[in-house]
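Reviewing the structure listed below.
Owing to the predicted nature of the structure, the values given are computational and were not obtained by experimental measurement.
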Amino acid sequence: MANLEILQKAFKDFSGMSEEAFNISSEFWHEKSFEKGELFNGYKSVCKELGFVIKGTFRSYIIDPKSADEKNVFFFSKNGFVTAYKSFVRQIPCNYYTEALTEAQIVYINLFDLRKLYKASHEWECFGRLTAEMAANIVIDRVESFLLKSPEERYLELIATHPELHEKVPLYHISSYLGIQSPSLSRIRKRIAGK
């Protein structure tokens, strides 16, 4: 399975995992394809899988109870992990939806099998710790960006992290994530293009 080779390289790059340690997981990985708009995880559903994005883009979003507007919280794209981390780790209902924004393909592992790997190998335990640190840093960076950065800086940071977004995702999804209106995003993009 070619996707396992991609995954193995990603794990080596992310956590320094050896081929031997990765190989004990090979029977636990499964493939899944998503149509645009299909949910990876639903609101109030318990997330049971950690996915690795082979192709495509996902978003996590909430629905504002007052306005009924969708508000994007996170993006997940190629060569990154996709999950509802708090729900996945604590096995509690999720407070948002995670949806494929494009056609997408992932390889995924369920929590039960991942916990077996944590017990079987120090390298897998290390992977779990690094994943938790990464999830915490993503949330901290997201909060700090709203407190300390301008919308233009947030946009540039987003495009650096997810370069495919501006080509494959409607601008209203990006403006929702940035916490600005679409006309403001258009002005930011024109200003950047003019530099």
Side-chain angles (χ1 to χ4, degrees), residues 1-19 21-62 70-89 91 94-118 123-124 127-128 130-132 134-135 137-139 142 157-174 176-177:
M1 172 165 144
N3 289 337
L4 273 187
E5 292 171 13
I6 295 168
L7 188 63
Q8 181 184 342
K9 181 182 183 318
F11 273 52
K12 182 176 182 182
D13 293 345
F14 176 67
S15 68
M17 187 176 289
S18 68
E19 184 176 348
F22 181 81
N23 285 344
I24 66 172
S25 76
S26 58
E27 67 182 288
F28 300 133
W29 292 98
H30 310 279
E31 294 188 11
K32 185 171 182 182
S33 296
F34 292 81
E35 296 296 321
K36 180 180 176 180
E38 189 176 349
L39 290 178
F40 172 83
N41 199 72
Y43 176 69
K44 295 300 180 193
S45 295
V46 175
C47 184
K48 300 192 178 300
E49 297 161 353
L50 173 69
F52 180 81
V53 183
I54 299 295
K55 74 171 190 175
T57 303
F58 293 82
R59 69 171 176 142
S60 287
Y61 67 96
I62 60 168
E70 294 178 1
K71 296 187 177 182
N72 291 322
V73 183
F74 301 110
F75 288 115
F76 308 94
S77 51
K78 184 178 176 182
N79 296 326
F81 296 102
V82 58
T83 195
Y85 193 76
K86 178 179 167 183
S87 174
F88 178 69
V89 170
Q91 287 298 278
C94 187
N95 291 322
Y96 47 81
Y97 301 87
T98 301
E99 167 192 69
L101 275 175
T102 63
E103 286 188 1
Q105 183 181 11
I106 66 168
V107 287
Y108 68 91
I109 189 168
N110 71 50
L111 180 62
F112 176 75
D113 290 332
L114 190 57
R115 285 180 173 163
K116 283 200 284 193
L117 291 168
Y118 290 164
E123 288 185 68
W124 277 96
F127 167 79
L130 291 173
T131 304
M134 178 185 67
N137 283 327
I138 288 169
V139 172
R142 183 97 168 99
E157 191 174 73
L158 175 66
I159 296 307
T161 307
H162 302 279
E164 73 290 345
L165 283 182
H166 71 284
E167 296 172 359
K168 297 184 177 177
V169 172
L171 288 184
Y172 66 86
H173 282 306
I174 296 172
S176 167
Y177 175 85

**Message:** Quick one, Phe52 with Asn3, criterion side chain to side chain contact (heavy atoms under 4.5 Å, CB included). Give me CA distance, side-chain angles, the key distance, then yes/no.
**Reply:** CA-CA 10 Å; Phe52 180 81; Asn3 289 337; over 6 Å; no

**Prompt:** Can you list the steps and then say if Phe34 with Phe58 is a ring-ring contact (aromatic ring centres under 6.0 Å, His included)?
**Reply:** CA-CA 10 Å; Phe34 292 81; Phe58 293 82; 5.2 Å; yes

**Item:** Worked verdict on Thr131 versus Phe88 for side chain to side chain contact (heavy atoms under 4.5 Å, CB included)
**Value:** CA-CA 12 Å; Thr131 304; Phe88 178 69; over 6 Å; no

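At a threshold of 4.5 Å between non-hydrogen side-chain atoms, the residues Tyr177 and Arg142 count as touching. Phe14 has its side chain within reach of Met134: a pair of non-hydrogen atoms, C-beta onward, lies under 4.5 Å apart.
A search for side-chain hydrogen bond (donor to acceptor under 3.5 Å, both in side chains) contacts involving Lys86 returns nothing, not counting sequence neighbours. Evaluation of the side-chain hydrogen bond (donor to acceptor under 3.5 Å, both in side chains) rule for Asn137 yields no partner, not counting sequence neighbours. Checked against side-chain hydrogen bond (donor to acceptor under 3.5 Å, both in side chains), Glu103 has no partners two or more places apart in sequence or in another chain. Residues that satisfy the side chain to side chain contact (heavy atoms under 4.5 Å, CB included) test with Lys44, not counting sequence neighbours, are Pro93, Asn95. Partners of Lys71 by side-chain hydrogen bond (donor to acceptor under 3.5 Å, both in side chains), not counting sequence neighbours, listed by chain and number: Asp64.
No close placement of the Trp124 and Phe28 rings is indicated, their centers lying 6.0 Å or farther apart.
Put simply, the side chain of Ser15 gets close to the backbone of Phe11: a donor and an acceptor are under 3.5 Å apart. With Thr102 contributing its side chain and Thr57 its backbone, the two residues share a donor-acceptor pair below 3.5 Å. Checked by atom type and distance alone, the side chain of Gln91 pairs as donor or acceptor with a backbone atom of Cys47 at under 3.5 Å. For the pair Glu70 (side chain) and Tyr61 (backbone), a donor-acceptor distance under 3.5 Å is absent. Remark: side-chain polar atoms of Asn72 are paired, donor with acceptor, to backbone N or O of His173 under 3.5 angstrom.
When all heavy atoms of Tyr85 and Tyr96 are compared, the closest pair comes out as N-OH, 4.2 Å. When all heavy atoms are compared, the tightest approach of Ile106 to Val53 is CG2-CA, 4.0 Å.
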Under 3.5 Å, which donor-acceptor pairs do the side chains of residues 73-84 form with other protein atoms, sequence neighbours left out?
unit_1: Ser77; atom_1: OG; unit_2: His162; atom_2: ND1; d: 2.6
unit_1: Ser77; atom_1: OG; unit_2: Glu164; atom_2: OE2; d: 3.0
unit_1: Thr83; atom_1: OG1; unit_2: Glu49; atom_2: O; d: 2.9

